[in-house]
Amino acid sequence: EPVVETEPVVETEPVVETEPVVETEPVVETEPVVETEPVVETIALQDKILNSLSQNLPSLYAETTNYTTDYINNIFYFRPCMEDFLIPEKSILLGDKGTGKTAFYKALQNKYFFKRLVEKSQKKHINYKVLNVTNFENDNFEMLAFDEYLKDELFVKKFWVFFIWQAICNRSDFVTKTDIPSIDLARSTAQDKIIKLVNNAELLEQIEDELYELNKELNSSEELLILTFDRLDNIVKPNLWNDIISPLVKLSINCPWDMILPKLFLRRDLYERLGNLTNKHSFSARVIDLEWSQNEMFSYFLKILFLYCKEDFFEYLSKYASSTGINITQIEKKLKTKGHQHNQLPLDTYLIQPIINQFFGSPKSRKNGKIRLAYEDLYRNIQSADQTVNLRPFIDLISSAIKEQKEQDYIKKFRKESILSLVYCTSNQSRKSAVINYLTDLWNEKGNEFVKHFCEDLSKNNNIDSKYKKNILHEDTFESLLTQVRKNHKDEPVIKNSTMEECKQVLLANKIITSYMVGNKTRYGFAYLYTNYLGV
């Protein structure tokens, strides 16, 4: 874990950055503009690697990736948290927007990926079946006509039992013995048919009996049936999650069939806002966190380099191996698994840190005289309010920094022996550019409409009083800020249909802000990731 700075901050406060934004400016007055030119060959090698990286930075906003065996074998990044998927008790997979929920979900449909996952998890002695239960592309089903039943938790639970049963009958090799007709969820008549079925005790009993019978068959054949649920925010509107998703969470946690394992891929912000789960914190042992760690983020980045320009990159690293502690032979060995070249370093700091520090070079001098190398500084610059990180803004940060370095370094000469200077990665422009796509993606999600008004108002100087542009606000000041934003957009549906407390929860759940106690008083801090964009 990175060393956390404790600038003059009250001891009980969590980590909230209070350093001025000025420190990340690319221009440092003490830095000489003219420097001795490095070896021409080294510059050519640096450029070659950087150009290859620039051309192969992934588009993490595309949902159209085809998860072929070739893609899984060569490009897909295997994460340790994926192995927890095969633990029966782990029923909920939580991740922010862009943490890879759908990528993992889609990869699970690839038999080769699942085989490798089973091998990595050392579960080859268990027979698994994976069934995709939700099928948003084909079903396009929203629960719109259940209004009178929304508060009937038993009805909603019975609906999910029906939903699971029908998916198993339609999408697996299980043959139903009932004469209950399948309901086409895409048809406008689906809701009425479902209501009649779910309220028919005799029919529902037949469905439950079949699920118990299936459970017996699975037990006899020593098989586990994993049921995956993805894009539930598309199937069920966020404002209905309390009433419709909470019963599904409870059913998954307390599943009556021990050989049938529901696995829910959920947006963390919506899960955190669920109010119909009285013992939600007790579910923590049942949750798989899909947030990226510091070493995962850098290991993913290095995989791109090893994949597309390994030979050049190793040649570059070998020039500095003796002075940096980079062990080329050991790295090459770690990139192989049973003879297979997977180009992915294990999450060991001693392997990753020196490579990252060399790639991004030395930091510029800071006013307080402290040195923070790239391994810590890059991680810090893209942290959300809870200190987790997301790949999307990180890749956008790298892309912006490459562009800035190409445009400016012939004058500023900050690059020196690095491939991409840390100075350009932590510049105001790169940090601002890093979050534009991510924030836009975030606030376009259903349920996050207030995020857009809040962030855009702060980023436009004429909409918000400057007294609010501080990275830490007292509770009354923060609530005054929320009042101002709500007033600016008082005619918008999201304002008319929400309370100030609900708006606050949206910002907290999306990690735009964090709250913490100082004594008996609440403080609110902005995520360091967004400070440049918001002008805080």
Side-chain angles (χ1 to χ4, degrees), residues 81-95 99 101-102 104-105 108-109 114 126 128-136 139 141 143 146 150 152-172 174 185 194 198 204 207-208 210-212 214-215 218-219 223-238 240-290:
C81 63
M82 292 175 176
E83 296 176 32
D84 292 344
F85 180 79
L86 297 178
I87 299 174
E89 294 75 23
K90 300 288 188 180
S91 305
I92 302 170
L93 294 91
L94 284 186
T99 48
K101 296 186 300 299
T102 298
F104 185 22
Y105 172 82
L108 286 166
Q109 316 309 315
F114 193 75
I126 301 175
Y128 293 96
K129 290 182 177 180
V130 180
L131 180 64
N132 168 19
V133 174
T134 49
N135 196 349
F136 174 72
D139 294 340
F141 175 58
M143 301 170 203
F146 288 174
L150 284 178
D152 185 344
E153 187 171 342
L154 180 58
F155 173 89
V156 177
K157 178 185 176 183
K158 290 189 290 186
F159 159 77
W160 284 117
V161 171
F162 151 75
F163 190 88
I164 289 170
W165 167 82
Q166 176 163 290
I168 291 172
C169 292
N170 291 350
R171 298 172 189 160
S172 75
F174 177 74
L185 301 179
I194 291 171
V198 170
L204 196 69
I207 287 173
E208 288 186 323
E210 279 216 328
L211 287 171
Y212 278 105
L214 171 61
N215 196 66
L218 291 167
N219 199 13
E223 289 181 314
L224 282 174
L225 175 60
I226 297 175
L227 306 177
T228 57
F229 295 74
D230 185 39
R231 299 194 186 181
L232 285 166
D233 53 312
N234 294 113
I235 293 174
V236 182
K237 290 185 175 180
L240 299 178
W241 269 46
N242 264 347
D243 300 314
I244 294 179
I245 299 301
S246 291
L248 177 60
V249 171
K250 292 176 183 177
L251 178 63
S252 301
I253 294 289
N254 302 301
C255 187
W257 315 291
D258 58 334
M259 306 302 286
I260 301 174
L261 309 175
K263 305 279 186 178
L264 314 183
F265 289 75
L266 303 178
R267 267 173 51 191
R268 182 180 291 277
D269 61 302
L270 294 180
Y271 177 79
E272 295 293 351
R273 285 145 63 184
L274 285 178
N276 198 18
L277 294 172
T278 53
N279 57 342
K280 187 162 56 176
H281 292 297
S282 68
F283 297 163
S284 58
R286 312 294 298 274
V287 169
I288 298 174
D289 283 311
L290 296 178

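In what follows, every heavy atom counts, from backbone to side chain, and hydrogens, waters and symmetry copies are set aside.
- Rounding to the nearest 0.5 Å gives a distance of 6.5 Å between CD1 of Ile92 and CZ of Phe283.
- The two atoms that bring Ala167 and Leu131 nearest to each other are O-CD2, 3.9 Å, heavy atoms only.
- To the nearest 0.5 angstrom, Lys237 atom NZ is 14.0 Å from Leu270 atom CG.
- Looking at residues two or more places apart in sequence or on another chain, you find no salt bridge (charged side-chain N to carboxylate O under 4.0 Å, His left out) involving Asp152.
- Under the salt bridge (charged side-chain N to carboxylate O under 4.0 Å, His left out) criterion, Glu208 pairs with no residue, sequence neighbours left out.
- Heavy atoms only, all atoms of each residue included: Leu150 and Leu240 are closest at CD1-CD2, 3.7 Å.
- For the atom pair CG (Leu248) and CG (Leu264), the distance works out to 4.5 Å, reported to the nearest 0.5 Å.
- Although no hydrogens or angles enter the test, the distance criterion places no donor-acceptor pair under 3.5 Å between the side chain of Asp230 and the main chain of Thr102.
- The side chain to side chain contact (heavy atoms under 4.5 Å, CB included) check on Ser91 picks up Ser252, Ile253, Arg286, with sequence neighbours excluded.
- Partners of Phe174 under the ring pair (Phe, Tyr, Trp, His ring centres under 6.0 Å) rule, at least two apart in sequence or in another chain, do not exist in this structure.
- Heavy atoms only, all atoms of each residue included: Ile244 and Trp160 are closest at O-NE1, 2.8 Å.
- Proximity of a side-chain donor or acceptor of Trp165 to a complementary backbone N or O of Leu204 within less than 3.5 Å is not detected.
- You'll find the side chain of Cys81 reaches within 4.5 Å of the side chain of Leu290, heavy atoms only.
- Judged as a salt bridge (charged side-chain N to carboxylate O under 4.0 Å, His left out), and not counting sequence neighbours, Lys101 has no contacts.
- A search for ring pair (Phe, Tyr, Trp, His ring centres under 6.0 Å) contacts involving Phe265 returns Phe104, Tyr105, not counting sequence neighbours.
- Closest of all the heavy-atom pairs between Phe114 and Leu108 is CD1-CD2, 3.9 Å.
- A distance of 10.0 Å separates CG in Leu224 from CD1 in Ile260, rounded to the nearest 0.5 Å.
- Counting heavy atoms of neighbouring residues, nucleotides and ligands inside a 6.0 Å radius, atom NZ of Lys90 exceeds 12 of them.
- Side chain of Lys263 to backbone of Phe85: a donor-acceptor contact under 3.5 angstrom is found.
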